[in-house]
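What follows is one structure encoded as structure tokens, with my remarks underneath.
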Amino acid sequence: MRVVTWNVNSLRVRFEHLARWLADHPADVIALQELKLPDPEFPREPIAALGLESVHFGQRTYNGVALLARQPLADVQRGIPGWDDPERRVLAATAGDLRIVDVYVPNGQVVGSEKFAYKLEWLGRLRDYLAGEIARHPRLVVLGDFNIAPADCDVHDPARWEGSVHVSPAERQALGAITALGFADVFRRFPQPLDAWSWWDYRMNSFRRNHGLRIDLILATTALAERCTACRIDRLPRGWERPSDHAPVIADFAD
DNA sequence: ATGGTGGGCAGCCCA
């Protein structure tokens, strides 16, 4: 099973990039974030024309997540059960024998802000939800835009970023509480380049200078992570004309 | 040098 996560920053704008990339990178499951379109405008038919089933949980202007898959998606769950979060950021489904949870973690804006408090609350609620999911689904993958760089090796300039949003101790602790449920960040199970980022700011020529963060993650339950045979970031589409600010992350799992 | 760029919807909000 090949699993992909990609924050497309507007599916309307990036649909052609997605189609072009998928033509060269056949995947079994694709988790998308930041659709930025309401459900009635979701391009279900164009995606079906690519040979992919899809489920989506969108809203106008902001947020929105979708799962695309070669095979049918079952037991679809929109949002975190029992919490009426006004922002649409979580979508779960079962593809084959994998349970998939697609997440778009809040950005947090500035450490100490209201949005930052929402991010921490949100991560706590995700942890509680995943504690139940992991008990029911031993083969569980949680992937998406976490808006947290797990460690300093995931940051191009740790000194300049120290204490900022995406790297602050509070955020890393909240992520740690999730991985402590029994997940592995599969990217770090393999040798990787020292400068492997998944997001580059649109400003300040960040991509050209390769100033980025690794904030797009694929977490797998520990037993499943041992079946992971590869994980990499494909930075190529970040260099295409009018790109998303995120690159796709790819993981392969043996059957 | 506290900026810069991009998406979405209509002068900002969010990333």
Side-chain angles (χ1 to χ4, degrees), chain A residues 5-21 30-43 46-47 56-66 79 85-91 102-123 126 143-150 154-168 170-172 174-175 197-217 233 235-249:
Chain A
T5 179
W6 196 0
N7 178 324
V8 291
N9 185 19
S10 169
L11 184 55
R12 193 179 287 111
V13 172
R14 233 64 69 186
F15 183 81
E16 289 308 317
H17 279 203
L18 176 66
R20 175 180 167 192
W21 188 83
I30 304 104
L32 303 177
Q33 303 88 37
E34 278 206 88
L35 308 182
K36 292 186 171 178
L37 44 79
D39 281 335
E41 293 176 35
F42 185 81
I47 288 168
H56 53 275
F57 188 43
Q59 66 184 89
R60 184 174 291 283
T61 311
Y62 304 116
N63 311 313
V65 282
D85 184 0
E87 304 191 3
R88 296 185 164 186
R89 298 176 171 278
V90 176
L91 178 61
D102 179 12
V103 301
Y104 174 45
V105 176
N107 176 287
Q109 195 175 52
V110 172
V111 173
S113 65
E114 272 185 37
K115 288 192 173 65
F116 189 77
Y118 169 66
K119 182 178 194 174
L120 294 183
E121 183 200 356
W122 198 96
L123 287 163
L126 179 66
L143 77 175
D145 177 359
F146 282 74
N147 267 312
I148 301 170
D154 301 308
V155 180
H156 75 89
D157 185 348
R160 215 188 66 174
W161 278 86
E162 190 177 359
S164 302
V165 74
H166 306 306
V167 310
S168 72
E171 291 164 83
R172 285 177 170 173
L175 177 61
W197 324 124
S198 68
W199 170 84
W200 300 258
D201 199 303
Y202 283 122
R203 298 165 287 190
M204 298 179 291
N205 291 309
S206 297
F207 183 65
R208 187 180 57 73
R209 298 192 290 166
N210 198 22
H211 289 182
L213 305 176
R214 189 178 71 92
I215 56 177
D216 299 271
L217 310 179
I233 297 166
R235 65 166 47 213
L236 238 68
R238 183 60 178 83
W240 292 350
E241 191 178 347
R242 209 180 176 196
S244 169
D245 45 353
H246 295 253
V249 186

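Letters A, B, ... mirror the listed sequences (proteins, then strands); counts begin at 1.
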Starting at atom [atom1] of [X], determine the distance to atom [atom2] of [N], rounded to an integer number of angstrom.
| X | N | atom1 | atom2 | answer |
| --- | --- | --- | --- | --- |
| A:E241 | B:dG6 | CD | C1' | 14 Å |
| A:H211 | B:dG3 | NE2 | P | 20 Å |
| A:L35 | B:dG8 | CG | P | 11 Å |
| A:R208 | B:dG6 | CZ | P | 14 Å |
| A:Q59 | B:dC9 | CD | P | 11 Å |
| A:R14 | B:dG7 | CZ | P | 5 Å |

Looking only at side-chain N and O atoms, does A:R242 come under 4.0 Å of OP1 or OP2 in B:dG7?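 So the side-chain polar atoms of A:R242 do come within 4.0 Å of the phosphate oxygens OP1 or OP2 of B:dG7, strictly under.
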
Under-4.0 Å side-chain N/O to phosphate OP1/OP2 contact, A:R12 with B:dG7: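 No, because none of the side-chain N or O atoms of A:R12 sits under 4.0 Å from OP1 or OP2 of B:dG7.
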
Going by salt bridge (Lys or Arg N to Asp or Glu O under 4.0 Å), name the residues that satisfy it together with [X], two or more places apart in sequence or in a different chain.
| X | answer |
| --- | --- |
| A:D85 | none |
| A:D201 | A:R203 |
| A:R12 | A:E41 |

Kindly write out the residues that satisfy side-chain hydrogen bond (donor to acceptor under 3.5 Å, both in side chains) with A:N107, not counting sequence neighbours, or none if the list is empty.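 Residues passing side-chain hydrogen bond (donor to acceptor under 3.5 Å, both in side chains) with A:N107: none at all.
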
Once side-chain hydrogen bond (donor to acceptor under 3.5 Å, both in side chains) is applied, do any residues pair with A:E121, and if so which ones, sequence neighbours excluded?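 side-chain hydrogen bond (donor to acceptor under 3.5 Å, both in side chains) list for A:E121, sorted by chain: A:R125.
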
For [N] versus [M], give the span between their [atom1] atoms, rounded off to a whole number of Å.
| N | M | atom1 | value |
| --- | --- | --- | --- |
| B:dG11 | B:dG7 | C1' | 15 Å |
| B:dG6 | B:dA1 | C1' | 22 Å |
| B:dC9 | B:dT5 | P | 22 Å |
| B:dT2 | B:dG8 | P | 30 Å |

If you assign A:M204 and A:S10 each to the DNA chain B nucleotide with the nearest heavy atom, which residue ends up on the more 5' nucleotide?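 The residue closer to the strand's 5' end, by nearest nucleotide, is A:M204.
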
Closest non-hydrogen atom pair, A:G79 against A:F57: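 Residues A:G79 and A:F57, closest heavy atoms: N-CE2, 3.6 Å.
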
Do any N or O atoms of the protein come closer than 3.5 Å to N or O atoms of nucleotides 13-15 of chain B, and which pairs are they?
unit_1, atom_1, unit_2, atom_2, d
B:dC14, OP2, A:K115, NZ, 2.9
B:dA15, O3', A:N107, ND2, 3.4

Parallel, tilted or perpendicular, judged at 30° and 60°: which one describes the rings of A:H56 and A:F42?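 The arrangement is parallel - the two ring planes meet at less than 30°.
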
